[in-house]
Amino acid sequence: MATDVKFESLSPSEWFRRNKELAGFANPSRALYQAVRELIENALDATETFGIHPFIKAYMKYAERENWLSIYVEDNGIGIPKDEIPNVFGRVFYSSKYKVKQHRGIFGLGAKMVILYAQSTTNKPITVISAPLGSDKVYRFDIMIDTLHNDPLIKHQEEWDNKYKWHGTAVHVVMEGDWLKAKHRVEEYIKRVAMVAPYAEIHVKEPDGGVINIERVTLTLPTPPKEGLPHPKSIDIEVVKQLISRNGDSPLAEFLVDNFDGVGDETAINFLKSIGIDSSKSVKELSMDEVTHLVTKMREFNEWRRPRADWLSPVGAELLEQGIKKILEPEAVFATTRKPSSYSGNPFIVEAAIAWGGKIEPSDRPVIYRFANKVPLLYDEGNDVVRHVVDEVDWNLYKVKFPASLVVVVHICSTKIPYASAGKEAIADVPEIESEVRLAIREVARRLRVYLSRKEKEKEAMVRYAMFTMFSREVASSIASIIGLREDQVLNKLKKIISRKIKYLEAIEEVEDNAEQQQQGEA
Amino acid sequence: MQSSNSRAKPRSEVLKIMEGLAQELYAQIERGEEPVLEIPSRTLSNTVWDEKRRIVVLGPEKLKRRLLDMKESKRFMQTILMLKLIVSSIREGVYPTIRDLYYNGKHTITFRVPNAGTIRENTWDDQAESNAAIEDLEVGLNVLREEMGLSADVKGKVVGPIIVRSKGFEIDATRMGDTALGLPPNPDELDIVKIEASYVLVVEKDAIFQRLNREGFWNKENAILITARGMPDRATRKFVRRLNEDYKLPIYVLTDSDPYGYYIYSVYKSGSIKLSYESERLATPNAKFIGVTTSDIINYKISSDYVIAANDRDIKRAEELIRYPWFRSEAWKKEINLFLKMKKKVEIEALSTHGLRFLHDYLLEKIHGGKWIE
């Protein structure tokens, strides 16, 4: 093309500053909600992932100007080494990770977007105080981001002796925000986070004096995710190019075995042979066309081992049940964690729970709580695969009659969550995921049915006993009055007959129950 | 059951029968058995047409009502509660109405269930339930409620050449003026002192009864005139039967010409489905239907001003009637089929199509000319 076009180079920080709505910072209420959740998610990732029971403080208060809010979030996590602090907070895309692992942050940008938003609305730096595990010192940095050069600007720096052997990270930020509009979202978010993290203690102070204290109900932590390699079916050209640039001149077969999950020596050689590329060729000698060809075929090839799920960290059925019991206070809850599965090379695990009765408000259809990688999804429920599956369920089969106090909780964890839209609040209808969600919900719904029918039977038996006894009393009194006896002379004999009959009826029902269960088992 | 036993049992005998049931139940309980009542079942399927005796009777089906069966427990209790109520009324020498018994026995019984609150149940919620308990005792013990001394609304009234004695007073039904003799709940307790009638005319409607009374029809005809104002109650039926059985008086029945009127006739004659267990004490198989019939509309040239189009319910009712065995006579089949074909009905009053005196001429022609059907 002969036209003379000037290209302006844009740093990543500048790009994000200009496109802040993409990361959820579109307006002051949304930004406040987003900031709180980014900071809390970082805090959880810095603790439970490393076997530490999270203890998180999130204090919000009004700041010096109207619409300004001060947010302070502190955790007891592993902390950040002194030298890393400016880069971790002050440089967008600062990360050495080319490996996959389940993590909460939707964009992996965490606190950096919070800083960018804060400095663009209040022009104030963020304060970070941190001490790594076992550190003698506590470090403080006041940081801004030089958006043009994507560099941290250190405004102030100090350190002091770690007298109390504290470890963790505290972040303080002053930004524009609309608390009244964000209040409901923030509270709902905290409640739902706590639901999937019953091992966390969270203390929240709100600007208008409200307090939320969430106590920990268990010391059990979920198994943390391992770091793993991407599966060949899940990669794209960009990832492969980056990997090539970091692997110098390794031969192609070795490159595949070392950098991808599910690839053994033999599979690598067979694969390269099948696509007509020499397996001993050095990766840096690949032409652009060959890279494209390689990537396309890697995604199509069907003989890789299935992706491993070691890099996933489900909540676990027991913890999920505990969390739901604590937050919703239902009469009964049933949870399950499915076996790992995968879509397009990405491993995933579906967990589902059903909570019934108790303090759950009755409604005309099931209330759904959705989670992706332990992050609550609050919006866009109508587009979510979970809502679609729940709506298809015939609840009559499970003895549920609406209006009912019924909550369905679904957690999907994956190295890559397939979102339905840019808002990242709904999970797409991927067939593999849909099928797992359906199986998970059916499984817990079946357990609900067993529970409800047992309850029904117990109630029937109780009513039966009550009816027999009260009618017998009336009959005994009538007979006694006619033939001139005392009521108890008749009633006592009748009571013995009642208890014998009830035992007999219960024995029959047990036999019928067993037969029914056996039938269901076979079906 | 004793057949054709139309004599009333004295109350003292009834008391023994009812006490016997309580003793039998207590014996079951003492043996450690679950209390069971055996009662002939009062369903349409157990209603049988007795060809020989020409009445509707209860079939052989019996149901066992158990105290310890969820579906039956309450009915069992109601039956025995009613038993007690009636036994004490006999012992105390009182004659409660069936509504008295309903109120007398109605109370709330409760049962406290741990952790689930209190279950409350009324012994019965409405009079239909307490009435059903009485009916159960009637069938189960083969004792009519009149014999138990229970009172109920009686609609029947009588006028004509008959003298009865009630509580020592003689009442002459020819000396009633424009009024009439009201029947007591148990007409068997009336002593018939003298009876000189040549037949009995039963009319469906009170207005026609009054008219014939005032116009002196019974006097001219030496007949006894009876009405039960619509569907006959048990006392009226019982009285009609007694006049036929004990005094061999012919019984003629006059109703409107519609399926409801036909059914009223059949209740006098053969018994009702609901109370088929009493037919043999209440039905009058010799009763004859003099009209008004559907063919009368043609034969007597009844003006179309008096003719009413039958509605869907009439048609449905007629289709039911034609299936009843007691409507299977040739004459009745002809009449009902004619009704279904013409879809027309008339009231007794339609006979004044030929002037107000015509009713008398019509009755004389039907009764003395043998123009009745059965």
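Predicted, not measured: the structure shown is a model, and the values here were computed from it.
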(request) Pick one of side chain, backbone, both or neither for A:I502, based on which atoms fall under 4.5 Å of a heavy atom in chain B. (result) neither
(message) Counting neighbours of CD on A:E361 that are heavy atoms of other residues, nucleotides or ligands and sit closer than 6.0 Å, is the number greater than 12?
(response) no
(message) As an exercise, state the distance from CD of B:E34 to CZ of A:F468, rounded to the nearest 0.5 Å.
(response) 7.5 Å
(message) Quick one, A:F471 and B:E121 - any side-chain contact, counting heavy atoms below 4.5 Å?
(response) yes
(request) Might you confirm whether atom NZ of A:K495 has over 12 heavy atoms from other residues, nucleotides or ligands at distances under 6.0 Å? (result) no
(message) Please classify the contact between B:T110 and chain A as side chain, backbone, both or neither, with a heavy-atom cut-off of under 4.5 Å.
(response) backbone
(request) Tell me, yes or no, whether the heavy-atom count around B:E61 atom CD, taken from other residues, nucleotides or ligands under 6.0 Å, exceeds 12. (result) yes
(request) Could you tell me whether a side-chain N or O of A:R464 sits under 3.5 Å from a main-chain N or O of B:D69, the two making a donor and an acceptor? (result) no
(message) Within a 6.0 Å radius of atom CG on B:D153, are there more than 12 heavy atoms belonging to other residues, nucleotides or ligands?
(response) no
(request) Assess whether atom OH of A:Y504 is packed by more than 12 heavy atoms of other residues, nucleotides or ligands within 6.0 Å. (result) no
(request) Provide the closest heavy-atom pair for A:S472 versus B:L67 in the form atom of the first, atom of the second, distance. (result) OG-CD2, 3.5 Å
(request) Please tell me if the side chains of B:V87 and A:S481 come closer than 4.5 Å, counting only heavy atoms from C-beta onward. (result) no
(request) Measure the spacing between CD1 of B:I80 and OG of A:S478 and express it to the nearest 0.5 Å. (result) 7.5 Å
(message) Out of B:E19, B:R91, B:Q28, return the one with the most heavy atom pairs under 4.5 angstrom to chain A.
(response) B:R91
(request) Specify the closest pair of heavy atoms between A:M470 and B:R120, including all atoms of both residues, with the distance to one decimal. (result) CE-C, 4.4 Å
(message) Nearest 0.5 Å, please: how far is CD1 in B:I29 from CG in A:N492?
(response) 11.5 Å
(request) Nearest 0.5 Å please: distance from the CD1 atom of A:I483 over to the CD atom of B:E24. (result) 11.5 Å
(request) Test B:M70 against A:M467 for side chain to side chain contact (heavy atoms under 4.5 Å, CB included), laying out the working first. (result) CA-CA 8 Å; B:M70 274 305 273; A:M467 292 292 172; 3.9 Å; yes
(request) Using a cut-off of 6.0 Å, state whether more than 12 heavy atoms not belonging to A:Y465 lie near its atom OH. (result) no
(message) If the test is side-chain hydrogen bond (donor to acceptor under 3.5 Å, both in side chains), which one of B:K84, B:Q78, B:H107 qualifies with A:E474?
(response) B:H107
(message) When you compare the side chain of A:I482 with that of B:Q23, does any pair of heavy atoms fall below 4.5 Å?
(response) no
(request) Could you look at A:K501 and say if it's the side chain, the backbone, both or neither that has a heavy atom under 4.5 Å from chain B? (result) side chain
(request) Kindly give the heavy-atom pair with the smallest separation between A:K493 and B:Y26, and that separation in Å. (result) NZ-OH, 3.1 Å
(request) Find the one option among B:L68, B:L81, B:L25, B:T79 whose heavy-atom pairs under 4.5 Å with chain A are most numerous. (result) B:L68
